[in-house]
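For clarity, every value in this text was computed on a predicted model and none was experimentally measured. Values below: every heavy atom of this structure, side chains too, minus hydrogens, waters and symmetry copies.
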Amino acid sequence: MTTTVLISGAGIAGPALAFWLRKRGFAPTVVERAPALREGGSAVDFRGEQMALLERMGILEDIHAKETAMGAQVIVDVRGKKVAQMPSVFFSGEVEIERGDLTRILYDHTKDDVEYVFGDWITGLDEVADGVDVSFAHGESRRFDLVVGADGLHSGVRRLVFGEEERFRTDLGFHAAGFTVPNQLGLDHLGQICSVPGRTVMVASGRDSSALNVSLVFASESLEVRRRDGDAQKEILVERYADFGWEAPTLLEGLGDVDALYFDSLSQIHLDKWSQGRVVLLGDAAWCAGPGGSGTGLAMMGAYVLAGELAAEQGDHEAAFARYEEKMRGPIKVSQKQAAGIGTFLAPKTRFMVGYRNFLYRILGSRPMTKVFTWITSRAANAATLENYDAPVAARG
């Protein structure tokens, strides 16, 4: 009998898991709250061991076809004067692609033999002797052998099974926003970064020269704003960046026409255990590290490990979940440690720290330091090794 697995979330971790589960003989179903795949989004990069994973999946060529091909990142002051320059590998890794393009690739590689349900979400989980009875906001209740929460930082599956988010979320003291506007700055495969104390603006234009991807990072305690209240979020951004200077006024003018706005705190998730009974968490739902922690690559590596262990244990989900967690805990510890101070680095809180950060950029961007910063930025990516689940057990170790 084929094991049925319900996956909550059609971002990146969910479809990646569905890919490997189907390849190993499982029957995955992916449920996604959004009415369709989410387009656009910030760029994600891969490096080190993660490149071998993409090649093993057979999607590396597709990713190269859609890569941003970003060049250098130029650090400027509020007058627009260049103060440092970082080579593309520092921010863009060995290959970089917009999140929406990667999601589409994963979907295209799974849609023919994986069931996708859009516009619905899980509202209840009731574990019974031989499965989990799942209720949905719109669809009829169904029973699955296993359930995976791959639904991000604000995971609904985690809340239903483990408790409220506040018990496991550690805020890093910063918020981030991302949106796309017309490329009025004329950037061509180039990025620019400008910081004042406690606030940073990052802009970049890659494969699509007509579009400018804007990322804002600012120091902030908890904000009283609903997650889906885009108008209130835009008001906060306009208020926070009103006196920023540089190109901020031009960027903020385009904010009113933005439909897809990303807005959230920089936070980490810390759980003592990633599974309970027949339910397990994956990616940001289990271990969100934040920017700089190689989160996308590790989520896809975690999907590979989870599917491999489920197949290796031949239906013993408790043993498989334990092995999955045992193998991913170390890499995630490295990831979270690496990302813990990213907010302070992206948006230094004092004038002195802005200057010091820019000084570090100049040092790290120099040719003699290339190997050093490549090693630094690849630590999290290389923390998880790519095991061969097709090899005999003795060879896998």
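- With hydrogens and angles disregarded, no donor-acceptor distance shorter than 3.5 Å links the side chain of Arg24 to the backbone of Ala311.
- Side chains of Asp45 and Gln50: a donor-acceptor N/O pair is absent below 3.5 angstrom, by distance only.
- Between Arg143 and Asp130, at least one side-chain N (NZ, or NE/NH1/NH2) sits under 4.0 Å from a carboxylate O, which counts as a salt bridge.
- Between the side chains of Gln336 and Lys333, no donor N or O sits under 3.5 Å from an acceptor N or O.
- Ser141 and Ser135 share no donor-acceptor pair across their side chains, judged by distance under 3.5 Å alone.
- Note: Phe352 and Tyr356 have parallel aromatic rings, judged against thresholds of 30 and 60 degrees for the angle between ring planes.
- Using modelled atom types, one finds a donor on one side chain and an acceptor on the other under 3.5 Å when comparing Thr180 with Asn213.
- Taking the salt bridge (Lys or Arg N to Asp or Glu O under 4.0 Å) definition, one finds that Asp257 meets it with nothing, sequence neighbours left out.
- A salt bridge is defined here as a Lys NZ or Arg NE, NH1 or NH2 lying under 4.0 Å from an Asp or Glu carboxylate O, and Lys273 with Glu325 fails to meet this definition.
- The environment of CZ in Arg351 is sparse: at most 12 heavy-atom neighbours from other residues, nucleotides or ligands sit within 6.0 Å.
- When hydrophobic clusters are built by joining Ile, Leu, Val, Met, Phe, Trp and Tyr residues whose side-chain heavy atoms come closer than 4.5 Å, directly or via intermediates, Val201 is not grouped with Val354.
- Judged purely by distance below 3.5 Å, without hydrogens or angles, the side chains of Gln268 and Thr170 never pair a donor atom with an acceptor atom.
- Heavy-atom minimum distance, Leu282 versus Gly302: CD1-C, 3.6 Å.
- Between the side chains of Thr110 and Arg22, no donor N or O sits under 3.5 Å from an acceptor N or O.
- Taking every heavy atom of both residues into account, Ser335 and Ala289 meet most closely at OG-CB, 3.3 Å.
- Aromatic ring orientation, Trp274 versus Trp287: tilted (interplanar angle from 30° to 60°).
- Linking Ile, Leu, Val, Met, Phe, Trp and Tyr whenever their side-chain heavy atoms come within less than 4.5 Å leaves Tyr262 and Leu37 in two separate clusters.
- Glu309 and Tyr389 are linked by a side-chain donor-acceptor pair at a separation below 3.5 angstrom, with hydrogens and angles left out of the test.
- Between the side chains of Asp284 and His154, no donor-acceptor pair of N or O atoms lies under 3.5 Å.
- Below 30°, between 30° and 60°, or above 60°: for Tyr107 and Tyr116 the angle between ring planes is above 60°, a perpendicular geometry.
- Distance check: Trp121 CH2 to Ser8 OG gives 11.5 Å after rounding to the nearest 0.5 Å.
- Between Pro331 and Leu298, some side-chain heavy-atom pair lies under the 4.5 Å cut-off.
- Listed here is the closest heavy atom pair of Met70 and Leu190: CE-C, 3.4 Å.
- Listed here is the closest heavy atom pair of Tyr241 and Val217: OH-O, 3.0 Å.
- In this structure, the side chains of Leu17 and Leu306 come closer than 4.5 Å at one or more pairs of heavy atoms.
- The side-chain heavy atoms of Val5 and Ile7, taken from C-beta on, include a pair separated by under 4.5 Å.
- Counting heavy atoms from C-beta on, the side chains of Leu237 and Leu261 come closer than 4.5 Å.
- The CG atom of Asp77 sits 12.5 Å away from atom NZ of Lys82, with the distance rounded to the nearest 0.5 Å.
- By the criterion of side-chain heavy atoms lying less than 4.5 angstrom apart, applied directly or through intervening Ile, Leu, Val, Met, Phe, Trp or Tyr residues, Val280 is grouped together with Leu160 in one hydrophobic cluster.
- For the pair Asp243 and Arg199, the salt-bridge criterion is met [side-chain N within less than 4.0 Å of a carboxylate O].
- Ring-plane geometry between Phe218 and Phe263 is classed as tilted, the angle between the planes lying from 30 to 60 degrees on a 0 to 90 degree scale.
- Annotation: the span from Leu346 atom CG to Ile193 atom CD1 amounts to 7.5 Å, rounded to 0.5 Å.
- Of the possible donor and acceptor atoms, none in the side chain of Asp151 sits under 3.5 Å from a partner among the backbone N and O of Gly9.
- Residues Ile12 and Leu106 share a closest heavy-atom pair of O-CD1, 3.6 Å.
- Contact of the Arg278 side chain with the Val147 side chain is not registered, since no non-hydrogen atoms from C-beta on lie closer than 4.5 Å.
- Taking the side chain as every heavy atom from C-beta outward, Asp133 and Val128 approach each other to under 4.5 Å.
- Between His317 and Asp145, the side chains place no donor N or O within less than 3.5 Å of an acceptor N or O (distance only, hydrogens not considered).
- By the 4.5 Å heavy-atom criterion applied to side chains, Val30 and Val114 are counted as neighbours.
- With salt bridges taken as basic N to acidic carboxylate O contacts below 4.0 Å, none links Arg207 and Glu98.
- Comment: Arg38 engages Glu32 in a salt bridge, judged by a side-chain N to carboxylate O separation of less than 4.0 angstrom.
- For the pair Gln192 and Trp246, the minimum side-chain heavy-atom distance is below 4.5 Å.
- When every heavy atom of His138 is checked against every heavy atom of Gly119, the shortest pair comes out as CD2-O, 3.2 Å.
- Rounding to the nearest 0.5 Å gives a distance of 8.5 Å between OG1 of Thr344 and CG of Leu172.
- Between the side chains of Ser267 and Asp171, at least one donor N or O sits under 3.5 Å from an acceptor N or O.
- Checked by atom type and distance alone, the side chain of Asp316 never pairs as donor or acceptor with a backbone atom of Ala320 at under 3.5 Å.
- Annotation: the span from Cys194 atom SG to Phe244 atom CZ amounts to 4.0 Å, rounded to 0.5 Å.
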Gln184 vs Thr250, side-chain hydrogen bond (donor to acceptor under 3.5 Å, both in side chains): CA-CA, chis, key distance, verdict: CA-CA 8 Å; Gln184 298 183 40; Thr250 301; 5.3 Å; no
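- Defined by atom type and a distance below 3.5 Å, a donor-acceptor pair is missing between the side-chain atoms of Glu61 and His64.
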